[in-house]
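What follows is one structure encoded as structure tokens, with my remarks underneath.
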Amino acid sequence: MDTAEFFRTIPYFTKLSPGEIDRLGRDTTEQRFDRGEILFLEGEPCLGLYVVREGQVRIFKTSPDGKEQVLTMAGPGATFNDVPIFDGGPNPASASAFQPSRVYIVSKATMISLIGNCPMALSLLRGFAGRLRHLTVLVEDLSFRRVVSRLAKILLESAVSTDVPVSGRQYTQQEMAAMVGTARDVVGRALRDLEREGAIKMDGRRIVVTNSGKLKEIV
């Protein structure tokens with residue numbers, strides 16, 4: 001199967017015209033990676049859409065202490081790293097070759113130009129990409145952060161500060177438990193721990209952030 005025929009099997013490109021397929025072939029870079037070699041790292045600028053021609057690529061997140069969480073394994077015909085193409089952010093995860101691999105890289109500019117004449121489609125893709133990035137961050141939180149750290153992150157985003165009054169959404173302990181993936185009584189203990197640390201103050205059902213710096217350290 002030549003490159004043009006291969007691209008026609010990829011869901012992103014099945015509806016392209018012969019001319020667009022030819023252009024895609026001209027604008028695409030091919031790279032080979034040995035087992036264990038890094039394709040790109042989380043946080044780096046996005047180069048484009050990656051398409052696996054041969055081999056297998058591991059997509060993963062890494063915690064500050066080096067723990068890894070594999071998000072997916074991409075085999076022949078699979079695409080990945082499309083989120084930053086459409087939402088404009090950096091790579092949301094890292095990728096390394098699980099097997100010796102041959103990969104096509106379709107530049108970000110080429111991908112955008114292929115749908116540039118349909119603003120509505122581009123807007124929808126940006127919205128979907130933003131949601132997928134949020135879910136990727138959620139996987140990271142659940143995999144790498146302790147309950148108290150996940151709770152501290154929610155409080156930083158939603159609680160009311162005593163220094164700078166901010167009206168924010170006040171969640172119940174049951175709602176927070178669902179958000180951090182634990183039980184209500186665990187959230188209750190975590191809140192008491194945070195209060196003892198001086199990071200928050202419980203004011204009835206309201207949670208007040210008294211030391212945002214302490215919460216950031218915990219996160």
Side-chain angles (χ1 to χ4, degrees), residues 1-62 68-144 181:
M1 185 185 298
D2 64 22
T3 303
E5 291 175 338
F6 174 74
F7 275 130
R8 288 191 184 94
T9 69
I10 306 302
Y12 272 117
F13 310 128
T14 54
K15 301 298 183 181
L16 295 184
S17 67
E20 289 171 326
I21 287 289
D22 288 341
R23 177 194 164 198
L24 191 63
R26 293 193 301 271
D27 293 345
T28 295
T29 302
E30 179 183 316
Q31 292 190 12
R32 294 177 183 268
F33 299 91
D34 294 328
R35 176 179 169 83
E37 191 173 355
I38 296 293
L39 282 68
F40 56 78
L41 294 173
E42 177 182 353
E44 292 180 342
C46 170
L47 296 181
L49 180 75
Y50 287 70
V51 186
V52 181
R53 181 65 190 259
E54 298 173 0
Q56 193 172 41
V57 175
R58 185 173 63 108
I59 317 301
F60 63 96
K61 300 277 288 185
T62 307
E68 291 186 354
Q69 173 65 56
V70 176
L71 302 178
T72 189
M73 302 292 285
T79 59
F80 56 93
N81 212 42
D82 39 9
V83 164
I85 291 173
F86 300 115
D87 78 354
N91 299 330
S94 302
S96 66
F98 187 70
Q99 301 173 355
S101 301
R102 180 158 62 113
V103 176
Y104 295 133
I105 305 173
V106 184
S107 74
K108 182 177 178 179
T110 297
M111 289 295 297
I112 296 297
S113 70
L114 288 172
I115 55 174
N117 61 348
C118 187
M120 181 177 290
L122 185 56
S123 178
L124 287 171
L125 285 170
R126 283 174 176 159
F128 284 129
R131 293 176 189 177
L132 284 172
R133 185 180 290 276
H134 171 73
L135 291 175
T136 301
V137 172
L138 180 59
V139 168
E140 179 179 21
D141 287 345
L142 292 173
S143 300
F144 299 142

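Atoms considered below: every heavy atom in the structure, side chains included; atoms not considered: hydrogens, waters and symmetry mates.
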All pairs passing salt bridge (charged side-chain N to carboxylate O under 4.0 Å, His left out) where residues 98-114 contributes a residue, at least two apart: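 For residues 98-114, and leaving out neighbouring residues, the salt bridge (charged side-chain N to carboxylate O under 4.0 Å, His left out) pairs sorted by first residue read E30-R102, E54-R102.
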Looking only at heavy atoms, which two atoms of S101 and Q99 are closest? And how far apart?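 Shortest heavy-atom separation between S101 and Q99 comes out as OG-O, 2.6 Å.
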Sub-4.5 Å side-chain heavy-atom contact between [X] and [Y]:
X	Y	result
F60	S96	yes
R53	V103	no
P92	P84	yes
L16	L24	yes

Under the side-chain contact (heavy atoms from CB on, under 4.5 Å) rule, collect the residues that match up with [X], sequence neighbours excluded.
X	value
D27	R23, T110
A78	A74
A95	L39, F40, V57, I59, F80
D82	Y12, L49, F86

[X]: partners by side-chain hydrogen bond (donor to acceptor under 3.5 Å, both in side chains), with sequence neighbours left out:
X	result
E37	none
S94	none
E44	none
R133	D87

What ring pair (Phe, Tyr, Trp, His ring centres under 6.0 Å) pairs are there with at least one residue in residues 94-116, not counting sequence neighbours?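 Qualifying pairs: F6-Y104, F7-Y104.
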Mark yes or no for whether N91, through its side chain, and A93, through its backbone, hold a donor-acceptor pair below 3.5 Å.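 Checked: no pair found.
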Under a 3.5 Å distance rule, please check whether N81 uses its side chain to pair with a backbone N or O of Y50 as donor and acceptor.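 Side chain of N81 to backbone of Y50: no pair is present.
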Passes salt bridge (Lys or Arg N to Asp or Glu O under 4.0 Å), K61 versus E42? Steps please. CA-CA 7 Å; K61 300 277 288 185; E42 177 182 353; 2.9 Å; yes
